[in-house]
Each structure stands twice: as C-alpha cells, then as structure tokens.
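Indexing begins at 1, ligand by ligand and atom by atom, following the structure's order. Numbers for residues simply follow the sequence, beginning at 1.
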Amino acid sequence: MNEDNPKSILVIFGATGDLANRKLFPSIYRLYKNGKLSEDFAVVGVARRPHTNESFRENVEQSVKASRPDNEEINDRFFSHFYYQPFDVTDLASYQELKNLLESLDEKHHTEENRIFYLAMAPNFFGTIAENLKNEGLTDTKGWSRLVIEKPFGHDYPSAKQLNEQIRQAFDEEQIYRIDHYLGKEMVQNIEVIRFANAIFEPLWNNQYIDNIQITSSETLGVGERGRYYDKSGALRDMVQNHMLQMLALLAMEPPIKLTPDEIRSEKIKVLRALRTMTPDTVDDYFVRGQYGAGLSNGEQVEGYRDETAIDSESNTETFVAGKLLIDNFRWAGVPFYIRTGKRMAAKATEIVVQFKELPMNLYFNKGKDIQPNLLVIHIHPDEGVTLHLNAEKRGVGTTSTPVKLNYYSHNGDKINTPEAYEVLLYDCMHGDSTNFTHWDEVALSWKFVDVISQAWTAKKANFPNYESGSMGPKAANELLENDGFHWWSI
Ligand SMILES: NC(=O)C1=CN([C@@H]2O[C@H](COP(=O)(O)OP(=O)(O)OC[C@H]3O[C@@H](n4cnc5c(N)ncnc54)[C@H](OP(=O)(O)O)[C@@H]3O)[C@@H](O)[C@H]2O)C=CC1
Ligand SMILES: O=C1O[C@H](COP(=O)(O)O)[C@@H](O)[C@H](O)[C@H]1O
C-alpha cells in the first residue's frame, strides 16, 4: 500500500442510487485493491432509505461483485470502512447527526478531518446541500474539504450561473470538482500525450495539414429508465454541452506551458472562446437534430423514443445531434470539427478521426485507384488505442499503393487493468488534482454556445422521428459533411 495516499472520509449523497451502485462502489473497491487507498479511509453513504451499516455493506458488496463477474476473491476488510446514515438532504437536523458521525469516524479511521462530499443526487439538490454543509459546520475542519458534483451542472447558462453562485457561497472554486466522466477515460487523457509527446503530429496539427476532425460518440441503447430526466434534457445538453465540447477543446487547444490544471484549463478556455457562435437563423446550417423511431437494435425490434417510459408522446426532444463547429483562431481557421452523438444508433463507440489533407501532388494517384487520405483514429471506446492509416506499396505489384493501418491498443486485448473513468477521477480528487474536472469558466462558455442551438430548436418544432433505431442517424447528418466534400468515416 502506498503510504502517500491521502487519508479521508468520502461522503456519498445518494448512496442508494444507480450511479453509486454501478460506478462509485466498484471504483472505490478497485482503488483499494490496487493499493491506491490508504487503510485510513471511510465511506459514509447517505440517502433516505432505511439501512443499517450492515445492510448497506451488503449492498456495497453486491455492487462490487456485480462489477467483477470473474468471481475474483473480494477482500472483505474493504467493507468494514463503509457506514450509512439515513438522511434527508432538506432536513437540517440530519446535517448535525452527520457531523457527529464524521467526527467520530475521523478519530476511528485517522482521517485527519479530510472530507470529500460527493453529490450523486438529482441536480436540484446540489445548491441546498452545499449551503447546508457550510452552514451546519461540516466543512469547518482542520483538514481539507472538497465537493464533487455530478452532471448536469444547470440546464442552460442562467441556471448554471445561479447554481454556481449558490455553491460558491459555501465552497471556493479550488474545492469544487465538477465531474465530466469522459475526462477520466484513458484515451481522452491520452489525447494530450499523443499530441504533445510526438514530434510527428504536433507540427501537422493545424489548418495547413488537417482537412477536418470528426468526433463521434454513438450509443446503441435507448433512453431506458432515464426518461424523466432525458426528455427535459436531450442529446445537446446531455452529451454535447459537456463530453463532446471537452473532447473538442483537448483536440484543439494550444500546447500549455506546463501540465498544470490552471495552464491546461486556460488553453481549453481559449478554444471555447474561439468557437464560432451562431444566430438562431444560422443554427440549421451548422447543426442537425434527430430523434429515433422504432427499428432493429442489436438484432431486436425496439420501440421509438416517443413510446418509451416517461416520454411525452409528441416529444420534441432530440436523441441525436450532429454539428459542424468552427474555431476562429490562427491554428484552426477553415477546419471543420464535426461532432455527432446519439442514442439507438448502429454501434456503441466513441472515436475521433483526424483527416489529413491530400499531398499537393500525389505521384501515385493515377497508378493506384485506392489512395486514401491519412487518418489518425483515436479509439476511446470500446477499443482503446490509436490507428494510423497510411498508404504503402502493394506487395508484388510494383509501384501501386494500398492503404495500410498501424494499430496500437493500449490494453493489449484485455481490459481488466484499464481503470474505470470514475476510479481515475476519484483518485485525482483525493489527491487534489483538478486537471480532469471542469472549471466554471468552461461550463459557462459551453452553455453559452449550446444555448443558442437549444433556443432555436425550442422555437421550431422538428419533424420527428427522423431516424430508425439501429441506424447512424438522420440523412441530414451525412449531408452536413457532403456539402463540404467530406463524409463520416465509419466507426
Ligand atoms: N446513473 C448514471 O449512470 C449517471 C448519473 N449521473 C448523475 O448522477 C446523479 C445521480 O444519478 P442516479 O444515481 O442515476 O440517480 P438515482 O435516482 O438512481 O439516485 C438518487 C439518489 O438520491 C437519493 N435521494 C433522493 N432524494 C433524497 C433526499 N431528499 N434526501 C436524501 N437522499 C435523497 C436517493 O435515495 P433515497 O430514495 O433512498 O432517498 C438515491 O440514492 C444525477 O445528478 C445524475 O444526473 C451522471 C452520469 C451518469
Ligand atoms: O453522461 C452521459 O454519458 C453516457 C454515455 O457515457 P459512455 O461512457 O457510456 O460513453 C450517456 O449514456 C448518458 O446519457 C449521459 O448522461
């Protein structure tokens, strides 16, 4: 075990919920198993449901086991670090009881009064919890206090601003860790390494050599059990405002002068500031929305979005977005960044394709019909790695060329040791490293960009549904690229 690992109590608000059970408990277990947690730690789960420490520990054990189908032996000592307190976040008396519990656990587990408050709850509670934690003295300790906040951070810029102001009454910006789980993904973090540690890419990373960049995050699943949230959100708020714009910022930012959270953030912010803004009248020239109808998904007949649980039968909510984004700065002027994301699409995959420009004169163009542009493909999920598409001589056919691929897979085919995004982010938070969390300035700029689109879409009803489940989205998403002489590379 690494003795440098910080000692702390992690308080999970919403500990009986889906996120805690599917993602947080398994991630904490992996940190423990891999020696990344000090033995001096405690996890306190709070929610309204009645649980004892014992029944809560059984739940945690089940969720850890469900995430490890290999029947691997579990270290039982892990569960003795877990505690539960029935708690209503709107009831002030609960906070005093929690304060007493934390103080006793500080002593028992030698946690030096360091605390992480993880808000895995509906967003309408975020502000209230932050205020109550401060007012009831739970942040008033000799150690550090950090606040981890799940998405969505607001519904639009004004609501996000209001929420931020409320939270900032209680916590400083440096204490706030806004989660974007894409920033914890191995290959999203690798974007910076690929760009800034390879002499062959950085000199070409600009409008002289790059034709376009495509970012796709497609899902095969539909809206599932999350209809109540999703029908008010849609793909633009659910995926574009956060994950897609964060990936774009990492791809487009200037090299930071140092790899510190502040320097990286400052470069990402410049990209978001340089995004070409649209007016309500020009949104349709740059963005396409879609909603899935019935169709075949993974070989099974599935219903359309409007027939799913908790969805309005005339819903105007988009389950698909494709967009062309332009970054008006010296490096990227004229290079389109295409993004697309959606539910019930043909494949579950997140991938980035960097398409390089053709050579000014390709000597092989007339001889080989099969000359392809060079592509750098960054596979984020389910594969994790990089593929470089080149042209090489066709064996035994003289000077004819053929496309070849150089592949690197970071997990060598077995993903067991690839850390989960939440595991990475929890570990970073325990170490006070906020590099892979979103700063308020990034959140604000992303909302401002997205708000123009959502306002234009709210004002005009769409002709939905407009793509079949199991397809790659509406036809208009293909036309968006075809109008520029490009096409989506298949994923
Ligand atoms: N689930 C996921 O995959 C993802 C979730 N998120 C975000 O994470 C957050 C949590 O999502 P999720 O786990 O799915 O939500 P759930 O609805 O599954 O869980 C909500 C939790 O909040 C608790 N709760 C509700 N009201 C109160 C209250 N008044 N006082 C105390 N506890 C309360 C519930 O427990 P009880 O009923 O016992 O009180 C439950 O533990 C949301 O912000 C969501 O957007 C983000 C990305 C992915
Ligand atoms: O944040 C979200 O992300 C998931 C997709 O995440 P991934 O890691 O599976 O790519 C998406 O399903 C969900 O709607 C959204 O809230």
Closest by any non-hydrogen atom to atom 32 (N) of ligand 1: pick that one out of Met121, His51, Arg226.
Met121
So is there a nitrogen or oxygen of Tyr230 less than 3.5 Å from a nitrogen or oxygen in ligand 2?
no
Applying a strict 4.0 Å limit to heavy atoms, is Tyr229 in contact with ligand 1?
no
Counting non-hydrogen protein atoms only, what is the nearest one to atom 21 (C) of ligand 1? Give residue, atom name and distance.
Gly14 CA, 3.6 Å
Of all the atoms in ligand 2, which lie at a distance below 4.0 Å from a heavy atom belonging to Lys348?
7 (P), 9 (O), 10 (O)
Tell me: protein heavy atom nearest atom 40 (C) of ligand 1, and distance?
Thr16 OG1, 3.5 Å
Out of Lys151, Arg228, Lys23, Glu150, the nearest non-hydrogen contact to atom 45 (O) of ligand 1 is supplied by Lys151
Aromatic Tyr422 / basic Arg30 pairing, under 6.0 angstrom, 45° off normal:
no
Considering Lys151, Lys185, Glu150, Glu219, which one's heavy-atom position lies nearest to atom 5 (C) of ligand 2?
Glu219
Can you report which non-hydrogen protein atom sits closest to atom 38 (O) of ligand 1, along with the distance?
Arg49 NE, 2.8 Å
Can the positive tip of Arg115 be found less than 6.0 Å from the middle of the six-membered ring of Trp144, inside 45° of the ring normal?
no
In this structure, atom 13 (O) of ligand 1 is nearest to the protein heavy atom Leu19 N, 2.8 Å
Show me which atoms of ligand 1 lie under 4.0 Å from any heavy atom of Asp88.
28 (C), 29 (N), 30 (N)
Nearest non-hydrogen contact to atom 16 (P) of ligand 1 from the set Leu119, Asp18, Val89 belongs to Asp18
With atoms numbered from 1 as shown, which atoms in ligand 2 lie under 4.0 angstrom from a non-hydrogen atom of Lys343?
11 (C), 12 (O), 13 (C), 14 (O)
Check if His181 has a non-hydrogen atom at a distance under 4.0 Å from any atom of ligand 1.
no
Could you tell me, atom by atom, which parts of ligand 2 come under 4.0 Å of a heavy atom of His243?
1 (O), 2 (C), 3 (O)
